[in-house]
Amino acid sequence: MNKHVIEAYERGWTYFSLLMILVFLVFIGYTLSGYAFYVPDAARRIDPTTVRTGGFPEPGVEEVAPGKYQVYVIGQAFTWLPSEMRFKVGDEVTFFVTSPDVQHGFYIHGTNINVQVIPGEVAKVKTIFKRPGEYLVICNEYCGIGHQNMIGRIVVEE
Amino acid sequence: MATLARKDAYADFPVKKVSLYFITLGFLALSIGTLFGPFQALNYANINLYPWLQKILPFVKSYYQGLTLHGVLNAIVFTQLFAQGALLYLQSKEMKLLPQMGMAWVAWWLAFVGLVLAAIPLLMDDATVLYTFYPPLKGHPLFYIGAALIIVSSLLSVYLSAELWYRWKKQNPGKPTPLVSYMSVVTWMMWGVAAIGLVVEAVVLLIPWSLGLLKGVDPLLARTLFWWTGHPIVYFWLLPAYVVWYGILPKRTGGKLISDPLARLVFLAFLIFSSPVGFHHQFADPGIDPFWKLVHTVLTMMVAVPSLITAFTVAASLELGAREAGGRGVLGWIKKLNWRDPVVLASTLGAISFIVGGAGGIVNASFTLDYVVHNTTWIPGHFHLPVATAVTLTHIGLAAVLIPHLTGKPLVGLKYLRAGIVLWFAGMMIMAVGMHTMGLLGVPRRAWISNLAPNLEGIYASSAIWMVLNGIAGVILFVAAILIFYPLFATLLQGKRLPPEERPEIEFTEAISGPEGRRSVMVMDRLFFWWATALVIVLVVYMPTLIRIWSTFVSAPGFRLW
């Protein structure tokens with residue numbers, strides 16, 4: 001094959017690669033602008049040694065308006081507090097999550113709620129439960145010898 | 001007399017000896033780290049062999065300890081030591097100059113002492129913090145000190161490579177840097193910028209904290225510094241394999257590189273875009289502004305471009321060689337590749353795995369998609385393709401030629417090695433299918449799921465079929481590891497040496513379009529300028545976030561929870 005032909009192919013592929021990356025970036029921008037309320041936000045910084053002594057609200061579900069909930073979650077070795085939550089389909093739920101000890105991962109199984117729980121940060125993330133059923137809350141960041149057993153539950157009813 | 005004979009073997013070019021020491025120490029680490037791999041694969045097949053393993057190796061206390069050893073020895077120690085040995089030798093050979101030999105040995109000893117120091121708490125279950133060692137999980141100080149010494153050793157390699165290059169440029173004014181040396185020095189310069197995050201994390205935060213001099217560390221600050229280094233470290237693993245794919249592989253199949261300047265541009269792009277991308281590991285982190293996450297996303301996507309170019313260029317070079325050798329047809333030429341050569345076999349299979357791995361990497365880098373896969377088994381499923389397959393196989397293939405070349409000892413058991421390479425590739429691909437799919441089904445990574453509490457049994461039942469693939473892959477990879485490590489170590493340990501004229505030579509690829517007379521090549525050769533540019537870009541994309549976190553420093557005390 002002629003040298004100039006190969007070099008032309010190589011140039012063409014380079015431009016195609018750039019174009020492909022550009023298209024991906026457009027998709028990312030589009031999803032970010034419209035759908036990505038599941039991107040975790042930082043509510044505030046917190047001294048992790050105060051999480052269990054009044055620096056953070058009592059873990060639990062709080063109804064702030066009809067169908068709107070705020071949930072305060074503590075991830076600690078090796079449980080979630082509260083360990084079980086109940087919602088109805090269509091409820092809009094805002095989670096505030098923090099840790100008093102080491103890092104954990106707040107992952108609601110089968111959804112894109114996937115938040116790094118970092119001591120020192122209160123993570124804020126919002127979702128609307130659309131499908132009824134039982135969801136596991138899986139710790140997906142290594143937190144010690146019992147990490148695999150750090151599983152909570154969310155029940156979503158019709 | 002034996003000592004005298006050994007001296008003679010390296011007298012012609014003493015850098016051979018220090019490179020061999022780096023490579024051998026690297027493979028020792030890899031062989032120990034790899035031992036734990038099948039146990040992890042079986043864990044994800046819901047088979048818990050750790051109680052049994054503990055009977056043979058009483059110091060192994062948990063899956064998490066095995067996983068820490070596996071990650072640290074394979075991903076951090078082996079990759080770095082191999083790069084230190086192989087790149088130093090290839091650059092010295094191409095430039096026909098010796099590096100500063102005293103400094104090279106200091107680098108080796110630092111890495112060796114660091115490895116021993118870190119290994120003690122790792123083996124004693126006192127640093128079961130995984131290879132990301134996120135605080136506030138707190139390991140034994142020796143672990144952090146040992147790891148820091150290993151990094152310092154790598155920084156000496158940055159100096160050795162840059163100094164060698166600078167000396168060559170002084171002796172050859174106006175000439176473009178030879179290609180393999182260019183790639184080597186750019187790789188080290190990239191690492192010089194990338195390593196800053198980890199150095200600061202270890203020296204300013206982790207070591208004083210583990211020694212009790214600092215009450216607490218800021219976990220988000222430590223994470224952010226970790227990922228400053230943690231993503232480009234992947235390119236630090238990968239680029240030495242690219243050096244082989246560009247600089248050695250085409251030559252061994254009778255092919256040529258299409259364009260030398262484009263190969264340089266690829267490496268230069270890595271120098272600039274490798275480091276300012278770490279936030280794509282922190283999409284799930286609160287406390288980092290989404291604006292900066294988006295900036296890192298764009299830069300991460302840019303760093304995919306040089307890899308895409310590499311996929312084309314390396315494949316085209318192989319095709320050129322195979323067609324020269326009489327290959328015909330759209331894909332028929334593939335049969336004409338010199339598959340019997342371990343370099344060709346291992347590098348090509350590695351590169352194929354990298355195509356899949358690269359595609360998965362683009363998913364991970366996509367801001368809004370990442371939440372589906374973050375910290376699921378998708379992630380280790382992904383990085384076992386570029387790192388454990390592409391890089392590791394390429395290094396194994398090169399070692400099969402490099403060890404005989406450096407020592408003069410003939411390769412033992414080539415057919416075992418070839419079988420091992422093929423099985424390694426097959427095992428990794430099977431495991432990747434299993435782990436990627438399980439990740440999409442929501443199975444968390446780094447979890448001892450074969451040891452769940454009784455009330456949780458069956459929570460991952462929807463992944464049962466894919467778990468079987470992990471089990472099969474674990475067994476295949478165990479066999480592959482034996483077939484690979486036996487020939488490499490048997491070659492090293494034998495007493496026999498070939499006469500100089502029979503030793504395998506390592507030759508570098510030529511290009512159809514060379515670097516001579518190109519202005520672009522001379523611009524790309526101004527490496528100190530590009531190095532400074534890379535540093536400035538990293539500072540720009542990191543400083544606003546780091547300063548903000550640092551100014552509200554949260555002091556988190558440490559925990560030992562394993």
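In what follows, chains are A, B, ... by sequence order, proteins preceding strands, each numbered from 1.
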Taking B/Met301, B/Gln282, B/Arg446, B/Gln65 one by one, which has the highest count of heavy-atom pairs under 4.5 Å against chain A?
B/Met301
So does A/Lys88 pair up with A/Glu158, basic N to acidic O under 4.0 Å?
no
Keeping B/Asn43 on the side-chain end and B/Ala447 on the backbone end, is there a donor-acceptor pair under 3.5 Å?
yes
With only heavy atoms counted, which part of A/Ile46 is less than 4.5 Å from chain B, the side chain, the backbone, both or neither?
backbone
Are B/Phe226 and B/Phe133 an aromatic pair by the rule of ring centers under 6.0 Å?
yes
Does any heavy atom of chain A fall under 4.5 Å from the side chain of B/Asn451, the backbone, both, or neither of them?
both
Would you call the rings of B/His281 and B/Trp227 parallel, tilted or perpendicular, where under 30° means parallel and over 60° means perpendicular?
parallel
Under a 4.5 Å heavy-atom cutoff, which of B/Pro444, B/Ala284, B/Ser366 has the most pairs with chain A?
B/Ala284
Interchain contact, B/Thr132 with chain A, by part (heavy-atom threshold 4.5 Å)
neither
Looking at residues at least two apart in the chain, or sitting in another chain, which of them share a salt bridge (charged side-chain N to carboxylate O under 4.0 Å, His left out) with B/Asp260?
B/Arg264
Tell me, side chain or backbone of B/Phe283 under 4.5 Å from chain A's heavy atoms, or both, or neither?
backbone
At a heavy-atom separation under 4.5 Å, does B/Leu440 approach chain A through its side chain, its backbone, both, or neither?
neither
Measuring heavy-atom distances to chain A, does B/Leu456 have an atom under 4.5 Å in its side chain, in its backbone, in both, or in neither?
side chain
For chain A, which candidate among B/Leu130, B/Val305, B/Leu369, B/Val372 shows the most heavy-atom pairs at distances under 4.5 Å?
B/Leu130
Roughly how far apart are A/Phe96 CZ and A/Asp41 CG, rounded to 0.5 Å?
9.5 Å
If we define contacts as heavy-atom pairs under 4.5 Å, which of B/Ile309, B/Leu308, B/Ile449 has the most with chain A?
B/Leu308
Out of A/Pro48, A/Gly29, A/Pro119, A/Gly110, which one racks up the most heavy-atom pairs below 4.5 Å with chain B?
A/Pro119
Measure from the side-chain N and O atoms of A/His109 to the backbone N and O of B/Leu441, and report whether any donor-acceptor pair falls under 3.5 Å.
yes
Heavy-atom cut-off 4.5 Å, strictly under: side chain, backbone, both or neither for B/Phe553 against chain A?
backbone
Assess whether a salt bridge exists between B/Lys293 and B/Asp370, defined as any Lys/Arg side-chain N lying under 4.0 Å from an Asp/Glu carboxylate O.
no
Could you tell me which portion of A/Phe78 (side chain, backbone, both or neither) has an atom closer than 4.5 angstrom to a non-hydrogen atom of chain B?
side chain
Between B/Arg323 and B/Gly329, is there a donor-acceptor pair closer than 3.5 Å when you use the side chain of the first and the backbone of the second?
yes
Segment of A/Glu141 engaging chain B (4.5 angstrom heavy-atom cut-off):
both
Between B/Ile459 and chain A, with a heavy-atom cut-off of 4.5 Å, which part of the residue counts as in contact: side chain, backbone, both or neither?
both
For the side chain of B/Arg548 and the backbone of B/Gly287, is there at least one donor-acceptor N/O pair under 3.5 Å apart?
yes
Would you mind telling me which of B/Trp562, B/Phe559, B/Phe312 has the largest number of heavy-atom pairs within less than 4.5 Å of chain A?
B/Phe312
Toward chain B, the part of A/Ile138 with a non-hydrogen atom under 4.5 Å:
side chain
B/Trp209 six-ring centre to B/Lys138 NZ/CZ under 6.0 Å and within 45° of normal
yes
For the side chain of B/Thr313 and the backbone of B/Thr310, is there at least one donor-acceptor N/O pair under 3.5 Å apart?
no
Tell me which of these, A/Gln103, A/Arg44, A/Lys124, has more heavy-atom pairs under 4.5 Å with chain B than the rest.
A/Gln103
Where on B/Ile549 is there a heavy atom nearer than 4.5 Å to chain A: the side chain, the backbone, both, or neither?
both
Part of A/His147 within contact of chain B (heavy atom distance under 4.5 Å)
both
Checking A/Phe24 against chain B: side chain, backbone, both or neither under 4.5 Å from a heavy atom?
side chain
List for me each residue that meets salt bridge (charged side-chain N to carboxylate O under 4.0 Å, His left out) alongside B/Asp285, sequence neighbours excluded, and say none if there are none.
B/Arg223
Counting heavy-atom pairs under 4.5 Å with chain A, the top scorer among B/Asn455, B/Leu67, B/Leu262 is B/Leu262
